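First up is the structure itself, then whatever we jot down about it.
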Amino acid sequence: MSHSIASRLGAIRSELTTANLDAFIIPRADEYLGEYVPEHNERLYWATHFTGSAGMAIVLKDKAAIFTDGRYTVQVRLQVDAALFSYESLTDTPQIEWLCDALPAGSRVGFDARLHTLAWFENAKAILDKAQIELVSVAQNPIDLHWQHRPAPSSAPITLFSNESAGKTSLQKRTEIGALVKKAGADVALIAALDSFCWLLNIRGNDIPRLPVVLGCALLYANGDMVLYTDLAKLPKGIEAHVGKGVSFKDEATLADALASLQGVKLLADPHSANAWAQNIAREAGAQLIAGIDPVALPKAQKNSAELAGIRACHIRDGVAVTRFLAWLDAEVASNHLHNEATLADKLESFRLQDEHYREPSFDTISAAGANAAMCHYNHNNGTPAMMTMNSLYLVDSGAQYIDGTTDVTRTIAIGNVTDEHKKMVTLVLKGHIALDQARFPKGTSGQQLDAFARQHLWQYGFDYDHGTGHGVGHFLSVHEGPQRIGKNVNGIALLPGMVLSNEPGYYRADNFGIRLENLVVVQHCEALKGAEREMYEFDALTMIPMDKRLIDKHMLTQGEISWFNAYHQQVYDTLAPLMSGDELAWLTQATRAI
């Protein structure tokens with residue numbers, strides 16, 4: 001393995017010599033800068049064999065380093081050869097400052113501008129300029145030049161997403177977003193996020209695992225006209241009629257020429273999410289860049305009634321599938337059949353696969369037994385899947401892509417007898433979950449302001465967790481959708497009706513256990529409040545799956561929290577019972593019985 005990596009590093013270094021460069025930067029991202037990278041764009045993996053979801057490598061003439069975050073401390077040492085790379089922290093060691101220390105003044109650092117945001121480029125250039133080091137955009141990525149047997153990109157055709165399910169036609173959406181482009185003072189917007197142009201055109205794709213989008217890039221004009229640059233071989237019959245007037249399709253290879261022709265045009269682009277390559281070409285051609293958030297992001301986040309109908313429907317079917325899995329799991333544990341994490345993940349998916357609307361998982365299932373659950377982004381595929389053990393906690397965080405919506409749910413399950421400490425910590429997490437679920441808040445409130453609702457009970461005991469409390473979720477799109485979030489240090493984007501978010505506080509004790517309780521919720525107008533002086537919002541739970549009451553210490557709950565828990569379980573029972581039967585219905589009846 002390391003022999004092949006050594007020869008690949010040699011190939012990169014020979015390109016450095018040819019181009020008179022002293023270093024080359026390899027991020028995990030591809031040109032689309034999304035969360036998931038298709039196999040043919042896994043350049044960091046090609047150069048290092050590291051499979052984590054975040055990281056960066058820097059190759060110098062005489063050494064190389066790989067930067068990963070705390071989630072991957074163990075994994076990076078298993079996958080990446082210490083003889084070839086030094087291990088560095090992605091969070092504690094800023095990569096550009098590391099380069100400044102490693103290289104003398106007058107050095108030249110190569111990078112592929114397609115794989116970095118404009119904001120990253122501007123920041124990196126400013127730091128390197130001070131150290132008198134030049135940041136050089138390469139015309140061809142050295143990895144692409146030497147990648148033999150590179151996987152072919154997906155050739156799956158685009159699918160047409162029904163206008164009824166979307167609640168609006170593409171023409172309506174494009175006209176509305178075009179008006180926002182004009183309002184931002186621009187003539188054209190660069191729509192670089194894959195889920196944004198798919199949402200605008202009411203199309204979906206199959207080009208990336210876990211995310212039902214098509215690869216490409218789009219330009220949206222202020223009048224609502226749009227050009228999609230993509231693989232033309234993927235266009236299905238009837239797409240012109242489906243997307244309506246004003247849309248043209250061009251080969252993705254012509255995007256550079258289109259950007260180079262924007263002289264004198266005001267181009268709206270998001271410097272934090274669109275790549276530096278596209279914005280720099282436009283700027284060098286004489287376009288005026290207007291920095292702003294992707295104009296599709298907020299409208300896409302506020303689900304309309306048709307989108308919400310699909311989301312609610314898929315959550316009910318998903319609730320049946322996951323509940324059937326939990327019933328099966330309890331029966332297996334009762335008969336002392338303990339399985340490994342991979343078997344459990346596959347078994348859970350087998351219940352979802354029975355739904356004709358199911359397409360694929362919405363992310364890699366986190367199936368974590370015992371101490372593995374203390375790693376909050378654990379993946380059982382990165383090593384040997386562990387066996388469940390008796391008298392422990394099992395954490396499963398999974399989600400599904402259905403053609404009518406996207407789900408994401410976490411449950412923590414008692415395997416055998418659990419300790420009082422387990423119960424205490426699960427109950428503190430539950431109290432935070434309930435507090436956020438029950439929150440009422442005025443218009444203009446951001447997720448940063450609500451985050452402490454979910455942490456307060458843990459804080460009282462001196463505990464906390466190191467991840468956000470909530471992320472946005474798309475409509476048969478990305479399970480991690482912006483711009484809204486709930487977290488300590490997130491943006492100030494106000495929560496608005498129709499936004500779908502996760503509510504997922506947790507607690508993790510290293511080498512011991514991990515806990516997370518996650519439902520998806522939707523923001524809605526608070527109708528129940530009489531005499532409210534402000535426009536008030538609240539959350540409504542979408543996820544309909546029992547929580548394990550064996551893990552709850554009822555004495556730690558207030559009467560109001562007990563009422564919430566029992567009312568939630570009654571709602572779960574009323575929703576799922578008509579769709580279940582036999583032993584599974586008997587299990588549901590017992591699991592949702594009032595405490």
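Position 1 is the first residue of the sequence; numbering continues from there. The structure presented is a predicted model; accordingly, all values stated were derived computationally and were not measured.
- Closest of all the heavy-atom pairs between Q401 and P212 is NE2-CD, 3.5 Å.
- Atom CG of D62 has more than 12 heavy atoms from other residues, nucleotides or ligands within 6.0 Å.
- When the shell of 6.0 Å around CD of E122 is examined, it contains more than 12 heavy atoms from other residues, nucleotides or ligands.
- Checked against E341 for a side-chain hydrogen bond (donor to acceptor under 3.5 Å, both in side chains), the options T384, N372, N379, N381 give a single hit: N372.
- Between the side chains of E504 and H471, at least one donor-acceptor pair of N or O atoms lies under 3.5 Å.
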Run the numbers on L160 and V243 for side chain to side chain contact (heavy atoms under 4.5 Å, CB included), then give the verdict. CA-CA 9 Å; L160 306 181; V243 297; 5.9 Å; no
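- Counting only heavy atoms from C-beta outward, the side chains of N41 and Y32 approach each other to under 4.5 Å.
- A donor-acceptor pair shorter than 3.5 Å cannot be found between the side chains of T73 and Y87.
- Between V138 and P142, the shortest heavy-atom distance links the atoms CG2-CD, 4.4 Å.
- In the model, E349 has no side-chain atom that pairs as donor or acceptor with a side-chain atom of S398 under 3.5 Å.
- The backbone N or O of A342 lies less than 3.5 Å from no partner atom in the side chain of S367, so there is not a single donor-acceptor pair.
- The CZ atom of F197 lies 7.5 Å from the CE atom of M226; values are rounded to the nearest 0.5 Å.
- Counted within 6.0 Å of NZ on K488, heavy atoms from surrounding residues, nucleotides or ligands total more than 12; the atom is thus considered enclosed.
- The line from CZ of F24 to CD of E15 is 9.5 Å long, rounded to the nearest 0.5 Å.
- Counting heavy atoms from C-beta outward, L496 and L298 have side chains that approach closer than 4.5 Å.
- At least one side-chain heavy atom of M56 sits under 4.5 Å from a side-chain heavy atom of I25.
- Using cut-offs of 30° and 60° on the angle between ring planes, the pair W147 and W46 is tilted.
- Distance alone, capped at 3.5 Å, is enough to place a donor-acceptor pair between the D207 side chain and the L215 backbone.
- Shortest non-hydrogen contact noted between H49 and S4 is CE1-OG, 4.1 Å.
- The closest side-chain donor-acceptor pair between T230 and E252, if any, does not fall under 3.5 angstrom.
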Steps toward side chain to side chain contact (heavy atoms under 4.5 Å, CB included) verdict (L200, V296): CA-CA 8 Å; L200 265 179; V296 178; 3.7 Å; yes
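- Contact detail for P38 and D30: the closest heavy-atom pair is CD-OD2, 3.3 Å.
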Does the pair R283 and L118 meet the rule for a side chain to side chain contact (heavy atoms under 4.5 Å, CB included), with working shown? CA-CA 11 Å; R283 186 159 55 182; L118 183 68; 3.7 Å; yes
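- For the pair K303 (side chain) and A301 (backbone), a donor-acceptor distance under 3.5 Å is present.
- A heavy-atom distance below 4.5 Å is not found between the side chains of N123 and I96.
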Quick one: do D294 and K300 satisfy salt bridge (Lys or Arg N to Asp or Glu O under 4.0 Å)? Show the steps, please. CA-CA 10 Å; D294 173 351; K300 171 163 59 65; over 6 Å; no
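- Of the possible donor and acceptor atoms, one in the side chain of S362 sits under 3.5 Å from a partner among the backbone N and O of A400.
- K234 contributes a side-chain N or O that, together with a main-chain N or O of S154, makes up a donor-acceptor pair within less than 3.5 Å.
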Can E35 and R210 be said to form a salt bridge (Lys or Arg N to Asp or Glu O under 4.0 Å), step by step? CA-CA 10 Å; E35 181 178 1; R210 317 292 180 239; over 6 Å; no
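- Side-chain contact between C100 and I127 is present, with at least one heavy-atom pair separated by less than 4.5 Å.
- Nearest heavy atoms, L289 versus A282: CD2-CB, 4.5 Å.
- A ring-ring contact (aromatic ring centres under 6.0 Å, His included) check over residues 214-267, counting only residues at least two apart or in different chains, returns nothing.
- Atom NZ of K245 has 12 or fewer heavy atoms from other residues, nucleotides or ligands within 6.0 Å.
- With rounding to the nearest 0.5 Å, the separation of CD1 in I191 from CG in L268 is 7.5 Å.
- Under the 4.5 Å side-chain criterion, counting only non-hydrogen atoms from C-beta, L255 is in contact with W277.
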Working note: F85 + F50, criterion ring pair (Phe, Tyr, Trp, His ring centres under 6.0 Å); need CA distance, chi angles, decisive distance, verdict. CA-CA 11 Å; F85 292 87; F50 176 65; over 10 Å; no
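- Sorted by first and then second residue, the salt bridge (charged side-chain N to carboxylate O under 4.0 Å, His left out) pairs involving residues 254-269 (not counting sequence neighbours) form an empty list.
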Begin from the C-alpha positions of K168 and E307 and carry the test salt bridge (Lys or Arg N to Asp or Glu O under 4.0 Å) through to its verdict. CA-CA 10 Å; K168 281 181 180 173; E307 290 171 317; over 6 Å; no
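- Judged by distance alone, with hydrogens and angles left aside, the side-chain atoms of T68 form no donor-acceptor pair with the main-chain N or O of G55 at under 3.5 Å.
- Residues E481 and W199 bring no donor and acceptor atom of their side chains to less than 3.5 Å of each other.
- Between R516 and C376, some side-chain heavy-atom pair lies under the 4.5 Å cut-off.
- Without hydrogens or angle criteria, T17 side chain to R13 main chain gives a donor-acceptor distance under 3.5 Å.
- When atom types are taken as modelled, the side chain of R28 and the backbone of A54 share no donor-acceptor pair closer than 3.5 angstrom.
- R352 forms no cation-pi arrangement with Y358, by the criterion of a distance under 6.0 Å to the ring centre and an angle within 45° of the ring axis.
- The distance from the CG atom of N141 to the CG atom of L115 is 6.0 Å, given to the nearest 0.5 Å.
- Across every non-hydrogen atom of Q279 and L190, the tightest pair is CG-CD2, 4.2 Å.
- The distance from atom OG of S107 to atom CG of N20, rounded to the nearest 0.5 Å, is 10.0 Å.
- Counting only residues at least two apart or on different chains, the ring-ring contact (aromatic ring centres under 6.0 Å, His included) pairs with a member in residues 94-115 are F67-W98, F111-H116, F111-W120, F111-F121.
- Contact annotation: the side chain of N202 approaches that of K173 to within less than 4.5 Å [non-hydrogen atoms, C-beta and beyond].
- Taking the charged nitrogens against the carboxylate oxygens, K130 and E97 have no contact shorter than 4.0 Å, which rules out a salt bridge.
- If you take OG1 on T51 and CG on L44, they are separated by 9.5 Å, rounding to the nearest 0.5 Å.
- R174 contributes a side-chain N or O that, together with a main-chain N or O of G224, makes up a donor-acceptor pair within less than 3.5 Å.
- Judged purely by atom type and a 3.5 angstrom limit, S478 has no side-chain atom pairing as donor or acceptor with the backbone of G474.
- Other residues, nucleotides and ligands contribute only 12 or fewer heavy atoms inside 6.0 Å of the CG atom of N206.
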